[in-house]
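All heavy atoms count here, side chains included; hydrogens, waters and symmetry mates do not.
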Amino acid sequence: MSQGQSEGADAARNRPFPSSLCHACAAPPRYVETDKGSTFIHCPVLNRYPPQPVRSCEAFVPLVS
């Protein structure tokens, strides 16, 4: 495994709600961290912060690798 793949895997493990569909969406979510350390995921398509973890979404578009 290359260093880039390892870093990507580490970043994926460190994401909030790792099972959320948001992380695999082509519309890149925005991660907002509060001063208290809470993290919220903002969806640019829905223009809101969906309750996490997202298991299904009408606006989901899978990433193309």
Side-chain angles (χ1 to χ4, degrees):
M1 182 182 313
S2 74
Q3 184 177 2
Q5 289 174 328
S6 175
E7 289 171 2
D10 288 341
R13 275 192 294 272
N14 292 327
R15 290 181 178 152
F17 314 104
S19 63
S20 180
L21 200 56
C22 296
H23 304 302
C25 188
R30 183 169 52 104
Y31 300 91
V32 179
E33 188 170 334
T34 67
D35 292 338
K36 293 182 179 181
S38 297
T39 302
F40 296 89
I41 302 174
H42 182 265
C43 174
V45 174
L46 300 175
N47 197 27
R48 63 184 173 98
Y49 297 88
Q52 296 295 325
V54 172
R55 302 276 187 230
S56 65
C57 178
E58 67 277 3
F60 177 73
V61 177
L63 286 170
V64 178
S65 44

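Considering every non-hydrogen atom in both Gln52 and Cys22, the closest pair reads NE2-SG, 3.6 Å. Heavy atoms only, all atoms of each residue included: Ser56 and Leu21 are closest at CA-CD2, 4.0 Å. Between Pro62 and Ala26, the shortest heavy-atom distance links the atoms O-CB, 3.9 Å. Pairing each heavy atom of His23 with each of Leu63, the nearest pair is O-CD1, 4.1 Å. Smallest separation of non-hydrogen atoms from Thr39 and Pro16: CG2-CG, 3.5 Å.
The side chain to side chain contact (heavy atoms under 4.5 Å, CB included) search around Pro53 returns Phe17, Ser19, Ser20, Arg55, not counting sequence neighbours. By the side chain to side chain contact (heavy atoms under 4.5 Å, CB included) test, Phe40 pairs with Thr34, Ser38, Tyr49, sequence neighbours left out. Taking Ala24 as the reference, Phe60 meet the side chain to side chain contact (heavy atoms under 4.5 Å, CB included) condition, with sequence neighbours excluded.
The closest side-chain heavy-atom distance from Arg15 to Ile41 is not below 4.5 Å. Counting only heavy atoms from C-beta outward, the side chains of Cys57 and Val45 never approach each other to under 4.5 Å.
The backbone N or O of Pro50 sits nowhere less than 3.5 Å from a side-chain atom of His42 that would complete a donor-acceptor pair.
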